[in-house]
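Read the structure below first, then the notes.
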2 protein chains.
Amino acid sequence: MGEQTGPGRSHVTLRDVARRAGVSLATASRVLNGTAQVRADLRERVLAAAAELAYAPNAHAQALASSSSKAIGVICHDVSDPYFAAISRGVMRTAAEHDLLVMLASTFRDPDREIEYIAMLRAQRARAILLIGSGFEDRAWERAMAAELDPYVRAGGRVAVVSRHRSLRVDTVQPQNREGAAALARALLDLGHRDFAVLTGPRSLTTVADRLAGFTGALADAGLRPRVVEGGFTRDGGYAAATELLRLDPRPTCVFAVTDVMAIGALTALRDHGVDVPGEVSLAGFDDIPIVADLTPPLTTVSLPLDEMGERAMRLALKEPRASRSRIERIAGRVVLRASTAPPPSAPTPRAPRPAAPADRRRHGTSAPRRTTAPGNSATPAR
Amino acid sequence: MGEQTGPGRSHVTLRDVARRAGVSLATASRVLNGTAQVRADLRERVLAAAAELAYAPNAHAQALASSSSKAIGVICHDVSDPYFAAISRGVMRTAAEHDLLVMLASTFRDPDREIEYIAMLRAQRARAILLIGSGFEDRAWERAMAAELDPYVRAGGRVAVVSRHRSLRVDTVQPQNREGAAALARALLDLGHRDFAVLTGPRSLTTVADRLAGFTGALADAGLRPRVVEGGFTRDGGYAAATELLRLDPRPTCVFAVTDVMAIGALTALRDHGVDVPGEVSLAGFDDIPIVADLTPPLTTVSLPLDEMGERAMRLALKEPRASRSRIERIAGRVVLRASTAPPPSAPTPRAPRPAAPADRRRHGTSAPRRTTAPGNSATPAR
DNA sequence: GCGCTTTCTGAAATCGCTTTCCAAGCCGAC
DNA sequence: GTCGGCTTGGAAAGCGATTTCAGAAAGCGC
């Protein structure tokens, strides 16, 4: 069709559309937004003009004029970490349902970068800001954080977090790390283990602290105390910590890594050193990121509905702020026993010492919070 | 300090800052952007006022006035897929270096959603749009796509893609899927395999088609033809396809899954059916997503520098468009032989039939494009 | 002390859209 | 035929910055 070729560098504006349709800006705007009734023939002309010119409204101008944005901000440590990836998935799905755009930022665990991003998102007038993952225990940092967040909230911005300090008084999706770790400890005690080690990350992270506390607490109830090895909060951290752990004498019969990601590193370290899991050492993680059921042996862990947690955080952020009080949604973890854990070598209850059973692969749910032991013998390939 | 409490619902504007500092908007703007010299005392006052009021410039107003945005758009199929997650990581790191915000969209493999997102990003006047992952082979869709992308490019928008159709005439980061798959096939032939199967995804995806063609091509050179089983382009697709493959008689001695993600599903399927890898069947994938070296057995694959690919795409998009021609950066894959492949059970060259060697874990590089066989015996825990 | 250049500063235009406010236009009813 | 009551369309005022333009102040040589 003989359309006039555009001027080149510049965008088509509403004015262009209005002119081509022979109406005013107001009318064009009304048609395009359905804000008000417009006579049928005019509407058609506007629509046609917009289509012919491939008009795309300038979101900045819209945001400015209507002072509302369709973008939300999400800040996490690292998108390529399966834990955050899984949560992000839920966030993005929910955002898409609400026709929102997600600005995703990875801080790569740099506190300053986190604050920078909040400032940027504030500047973008993001409708909501989601903080995923532990914050940092640092007074100065927390103050700087509040200094960015407070004005944002005061101006009507919404903030929601997943597993943060409660000191941040905002809507929170809070996995029950302590209870989950305790339930896991009890399940492992039931298997007959008495000698435990824990692979932790930096204890300044609340997630780490809570899981560690829950686990050691439950062991303490049984009169036991685990040895603790600290490492980086990553796969490599798990690998290094597990390697270090192998120098302990006597070796523990059961190892709990505070996250699945660390457990993965630990599992490879054990394999590389010729240690049989679970024959010599049982290994358990926390989170139930999708991959761990595909490991050999499949990893015992505490299952968290990661995707759902992302969705919930998003919904919290979108919901009208109820009172001035912040809401907390608690998420129960579910212990899933898989083949990476077995009774210890010299177990009082000698069950099948070599569990060649197929992997346990089930959908996570919000079911029973504690003391759940999974059947672990279904071979459903669902995911 | 006795600051006046804000009005509540509204943001602090530059006017507020200027008023408080007793200067004009222009001066305040100049101070805050360093656009021009301003007398020291005035500058101090402006800075102080901005800090006291926790001023955050309205990015929309800035974008409108200066017609430039600091946001870039990235569209992929699913952030929670490790392949995209790894590429995204490179993108985000590079974006951060340039002080840019990333709007990340997951299409969940819905073609319409992809187009919607492009429209939204166009509306946002994103400085660049990155398309990560295969497009769809659908004439109508391609036309709709072009209809969105063309006006965007014409108005000065930048587009870069990772592994797309060459039909989209834009800057491209193109992994050499065909060559990589061929090199892998030759390496597997060298191991002594003669009976192959391929687990593919939908052949309409160019990535799938290229890898399949490269693999079968190399086999054809040796006078062989693999059996082909098609499945979904996901972990579950791999699981299902592998399950189906087990019904073949005779069973192949070597299976190539066109992506690592499918290979992971296949590996679990084989395990669930009691098939020993690599004892009975060798298994190889493609991509070298970080997790596959932690599987048992570690997966043989064609390594792609995913993080770097993301970075390159980002750089392409930011670089000034050279000529009107689109640039293509080819990325060589590197064959990495790990323990998931071994000579077939009745191998002509009976090497060690039980490779209990520790995993091969090395950093990927842009090195030798083909016929590389990795040593596979270093136990470096790096990642 | 005067005129001229060189900095700085501030008023005002502009970016592209939404939305209020009015003026027309049209209807049936008196 | 004229008058209220409605619907519709357009002019214009923002939204919150950037940036041009012109004027004020300051610096300088003579």
Side-chain angles (χ1 to χ4, degrees), chain A residues 6-7 9-46 49-50 53-70 119-120 122-126 151 155-156, chain B residues 6-7 9-46 49-50 53-71 120 122-126 151 155-156:
Chain A
R9 289 273 91 175
S10 175
H11 287 275
V12 174
T13 73
L14 185 60
R15 172 191 259 84
D16 299 329
V17 174
R19 189 149 40 205
R20 186 180 187 108
V23 299
S24 72
L25 272 72
T27 304
S29 171
R30 285 194 268 252
V31 169
L32 264 14
N33 297 307
T35 320
Q37 279 292 355
V38 172
R39 197 162 19 107
D41 60 328
L42 289 194
R43 201 183 51 218
E44 290 309 318
R45 290 205 328 250
V46 170
L53 297 174
Y55 170 69
N58 184 324
H60 295 303
Q62 288 184 308
L64 193 54
S66 61
S67 57
S68 76
S69 144
K70 18 192 316 158
M120 288 176 82
R122 190 149 82 90
Q124 295 284 339
R125 299 296 186 260
Chain B
R9 288 272 89 178
S10 176
H11 286 276
V12 174
T13 73
L14 185 60
R15 171 190 259 85
D16 299 330
V17 174
R19 188 148 39 204
R20 186 181 186 107
V23 300
S24 73
L25 272 75
T27 302
S29 172
R30 284 193 271 252
V31 170
L32 264 14
N33 296 307
T35 320
Q37 279 294 352
V38 171
R39 195 163 20 108
D41 59 328
L42 289 194
R43 201 184 51 220
E44 289 310 318
R45 272 173 24 214
V46 170
L53 296 174
Y55 169 70
N58 184 324
H60 295 302
Q62 289 184 307
L64 192 55
S66 62
S67 60
S68 77
S69 142
K70 32 195 302 165
M120 288 176 82
R122 189 149 81 89
Q124 296 285 339
R125 298 298 186 262

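Residue numbers begin at 1 in each chain, while the letters A, B, ... track the order of the sequences. Model, not experiment: these values are computed from the prediction.
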Gap separating the CD atom of B:Glu44 from the CZ atom of B:Arg39, nearest 0.5 angstrom: 12.5 Å
Is the shortest side-chain heavy-atom distance between [X] and [Y] below 4.5 Å?
X        : Y       : answer
B:Pro151 : A:Val12 : no
B:Thr27  : B:Arg43 : no
A:Tyr55  : A:Leu14 : yes
B:Ser69  : A:His60 : yes
A:Leu64  : B:Asn58 : yes

Nucleotide interval of DNA chain C bounded by contacts with chain B (heavy-atom cut-off, under 4.0 Å): C:dC8 to C:dG16
Can you name the atoms? Protein N/O to nucleotides 16-20 of chain D N/O, anything below 3.5 Å, with the distance.
unit_1, atom_1, unit_2, atom_2, d
D:dA17, OP1, B:Tyr55, OH, 2.7
D:dA17, OP1, B:Asn58, N, 2.8
D:dA17, OP2, B:Leu14, N, 2.3
D:dT18, OP1, B:Asn33, OD1, 3.4
D:dT18, OP1, B:Asn33, ND2, 2.8
D:dT18, OP1, B:Gln62, NE2, 3.2
D:dT18, OP2, B:Ser29, OG, 2.4
D:dT18, OP2, B:Asn33, ND2, 3.2

The single option from B:Val23, B:Val31, B:Val38 passing side-chain contact (heavy atoms from CB on, under 4.5 Å) against B:Arg45: B:Val23
